[in-house]
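Right, one structure below, let's go through it.
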Amino acid sequence: MAKKRKNGAGDGIRIGDKFLSLDGYLTKKPKTDASQSSSESPPTNTEAITSKEGVSAANEGLLTSRNGPSSEDKRSKPIGNPKFFEARQALPLWSRQDDIRQRLRQNDVLVLVGETGSGKSTQVPQFLIQEDWCQRKKVKVQGDGGTQEIAVGGMIAVTQPRRVAATTLAHRVAKEANIPGHGKKDAERHGPLSHGIVGYSVRFDHRVPKGTKIKYVTEGMLLQELLRDPHLRHYSAIIVDEIHERSVDVDLLSGFLKQILSGDKAGRGGIPLKVVIMSATANVGSIKNFFSESGEPEAVPEAHKTSVDFLQVEGRQFPVEITHTPKPVPDIQEALLSTLFKIHKQESLFDKHGRKDILAFLTGQEEIESAKRLIEEHAETLPQGVPKVVVLPLFGQLSMEAQHKAFQPTKDKNTRKIVLATNIAETSVTVPGVRFVVDCGKAKVKQYRPRLGMESLLAKPISKSSAIQRTGRAGREGPGKCFRLYTEETYESLEKTDLPEILRTDVLNAVLTMKARGIDDVLAFPLMDPPEFESVEKALLHLHILGALADDVSITDIGRKMVMFPVPPPYARVLIAAATPKNDCLLEVIDIISCITAGDDIFLQIQSEETKEEAEEFRKELWRREGDLITYLTTIQLYAAENADRVRWCKDRKLNTRNMKQAMNIRKQLRGLCVKQKMMEQPPADPQPFYPVNPEKAATILKCFLKGFALKTAILAPDNSYVTAHGKHVVAVHPASVLHGQKKEAIMFLEHVYTQKNYAKKVSAIEAQWIVEAMERSG
DNA sequence: GAGCACTGC
């Protein structure tokens, strides 16, 4: 039996769902699942899944039914490190391994629904690597130069939406799957992933030992591999994990997998590719249909029909009791305050499962900060004898240290932790010790509006599946309670799932991705949720303006070059413009793009008044009158020239150290790619002395950016507002910009977001004439 | 005067 987990211990906390699958190994399975224990409590995620008897052998009418696992299956004994056998055998998924193998022998696709802690991300690839169909095979294929013999298969790729999930899973599975003793010397020298059968590949970090059978990758990385290897010949199987998150990348990947599955497999020498789709939510009907339906039934010969099987396994969730408000709450802050203190007064601080802290989901930084003030004020009035509270904010723009505080157990035994978090705590990170969840029912979502070419960021009601996900956060370590600050009717009125990202973002990159991978008719490409025609049309037009597509909508050499760069297409276009001998500012442009694509703003917001003055004094040497882009350039150049203490340097200027490090990684990657593309010579290594760019050079750099962003320009109107050159909308310069409150003849902005107002971000001062020139030259 | 969250040879 698995050992009982020490509560509040540091094991694998805070790294998202994947790392928390450690729970699966260390936590004793609760005796009662929600479905059996909580007849009076509202349905939880667990119940929704287990109520269907756990398994459904929905065969989609395409295969013969079976009577459980085959008795002649000789591989039920684990391979790998015996140290982990016991823990692995205790996982809910373990007893299903023969079933899973059987289903995949008879089907092309298996849709597997299993909650966090079922062990699906770690175990399924290990179940499959010894299968006959999973072995590398030599086959003959027709190539350009006639018939050639190639090797197909042998590896399994497991995709993850986040880098940290891919790397932590790989480490975990390497420990389980590698035979101890093998390659010991390598392991001592280079770590556990230097040998053996498990590897990973994520941006900036690749560990793929010779002989790798299981490779954890980010979704984007597999898309990138598709560019070189359209038939995925290295792989016998692709496991798509966390498909319910529905990133643009996973949607595209699903389309390409569907094409490979329904194609004639000639590119793979007739060797089929197996696909396992894994999801945490039971709501997978449309995904099943997507893979089993062929677009045109008559056109597909019977032999190429894709057979899809479906399996559900129970997770390891403790029951969570849900309470809705009887009436809609007029004031969310007030409702939050009373709910938090009701929990705090009525509930004990500890029980046999450990700490009982509170996690509240709010929409954004502003709401979190004002709630924090209110709670702290109210906490002052708590009577003697009532435990204290400590309020910890948690959102993306917080510094690493501040985020870390929310994960640490409180030191004082008589204090309850209240974490006020954005959506970051829904999927990206896990706060340990949480047994109570308070859910405001809303989240800020980005939505792209193709007609306006801008996006909005507004608080909207969450989906049912998101509400269930939030609720589940209370039942990770023991039985929990969830308080929804909305009525049951409101819950029932919520959409089943969130709108997939591909329907919420600019499909510019998605369309170029397809074009570069040989999709001529992007409207015919199979997608689970195809974007509106207008969005695709807009993207095609935009790509044409950028020079990535020719008049006949075929991809150009510029377009092919653009997809080589891991940045959005307009930025890739700027890189290409900067590399021409006339402009010759590639290093500078790489520096700027690295800062911008490193994540959120590298400049942290300054919280208190006192630090503000100090930091602004330091920041003044970075500011440039040309605007934000040249300010970024100065910043990263000074950072790269700083040789003593870069962390200190960032702290003084209130820069996000994490993003600065990321920017330096991107800078290195882009420099490498540009050298490889013969766009420049190998640049000298850091640190280089800092010379501020002169105004002429700055103008050249901004003109290069106009090659990618000519549509995002505005001209100062007589009433001192900025009016966009295309569309004639009024935009305001965002307060975070160095050009906020200044009047310039014209501006170029890289981002255009509606929040409180129509804001232009990442703003530079330009001349109106440059806009005309940039459009002409694009011609 | 204001800041959901991820990601890419």
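Computed from a prediction, not measured in an experiment: that's the story for all the values here. Just so it is clear: chains get the letters A, B, ... in the order the sequence lines come, proteins before strands, and each one is counted from 1.
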### side-chain N/O A:T363 vs B:dC4 OP1/OP2, d < 4.0 Å
no
### Task
Remember a base hit wins even if backbone is also touched, and classify A:T597 as base, sugar-phosphate or nothing at under 4.0 Å, heavy atoms.
nothing
### Task
Output yes when A:R373 and A:E369 qualify as a salt bridge under the 4.0 Å nitrogen-oxygen rule, no when they do not.
no
#### Entry: Shortest side-chain distance from A:Q365, nucleotide among B:dG1, B:dC4, B:dC9
B:dC4
### Message
Among B:dC6, B:dG1, B:dG8, which nucleotide has an atom closest to any side-chain atom of A:R162?
### Response
B:dC6
### Message
I'd like to know whether the aromatic ring centres of A:Y722 and A:F749 sit less than 6.0 Å apart in this structure.
### Response
no
### Message
A:D557: which residues meet the side chain to side chain donor-acceptor pair (under 3.5 Å) condition with it, sequence neighbours left out?
### Response
none
### Query
What is the nucleic acid contact for A:V248, judged by heavy atoms within less than 4.0 Å: base, sugar-phosphate only, or nothing?
nothing
### Query
Of all the choices, B:dA2, B:dG8, B:dA5, which nucleotide is nearest to the side chain of A:R163 once you look at every atom?
B:dG8
### Query
Looking across every strand, which nucleic acid part, if any, lies under 4.0 Å from A:H206 by heavy atom: base, sugar-phosphate, or nothing?
nothing
#### Entry: Close residues, residues 437-449 of chain A, relative to DNA chain B [heavy-atom separation under 4.0 Å]
A:K444, A:K446
### Query
Is A:R504 positioned over the aromatic face of A:Y448, cation under 6.0 angstrom from the ring centre and no more than 45 degrees off axis?
no
### Message
Please determine whether a side-chain nitrogen or oxygen atom of A:T218 lies at a distance below 4.0 Å from atom OP1 or OP2 of B:dT7.
### Response
no
### Query
Rounded to the nearest Å, what distance is computed from the CD atom of residue A:Q403 to the P atom of nucleotide B:dC6?
8 Å
### Query
When the ring planes of A:Y200 and A:H171 are compared, do they come out parallel, tilted or perpendicular, using 30° and 60° as the limits?
tilted
## Note on the structure
Here the distance between atom C1' of B:dC4 and atom CG of A:D498, to the nearest Å, is 12 Å
### Query
If you check every side-chain atom of A:H740, which of B:dA5, B:dG1, B:dC9 has the closest atom?
B:dG1
### Message
From CZ of A:F565 over to P of B:dG8, roughly how many Å is that when rounded to an integer?
### Response
17 Å
#### Entry: Derivation and outcome, salt bridge (charged side-chain N to carboxylate O under 4.0 Å, His left out), residues A:D529 and A:R246
CA-CA 10 Å; A:D529 288 277; A:R246 293 296 304 277; 2.8 Å; yes
#### Entry: Length of the CG-P vector between A:L739 and B:dA2, whole Å
17 Å
### Message
Once you apply a heavy-atom cut-off of 4.0 Å, does A:L457 come out as touching a base, just sugar-phosphate, or nothing?
### Response
base
### Query
Which nucleotide, B:dA5, B:dG8, B:dG1, lies nearest any side-chain atom of A:Y759?
B:dG1
### Message
Of the options B:dC4, B:dG8, B:dC9, whose atoms approach the side-chain atoms of A:R228 most closely?
### Response
B:dC9
### Task
Figure out the CG/P separation between A:D506 and B:dC6, and round it to whole Å.
21 Å
### Message
Under 4.0 Å, heavy atoms only, any strand: does A:E225 hit a base, just the sugar-phosphate, or nothing?
### Response
nothing
## Note on the structure
From CD of A:Q662 across to P of B:dG8 the rounded distance in Å is 8 Å
### Query
With a non-hydrogen cut-off below 4.0 angstrom, is A:D601 in contact with a base, only sugar-phosphate, or nothing?
nothing
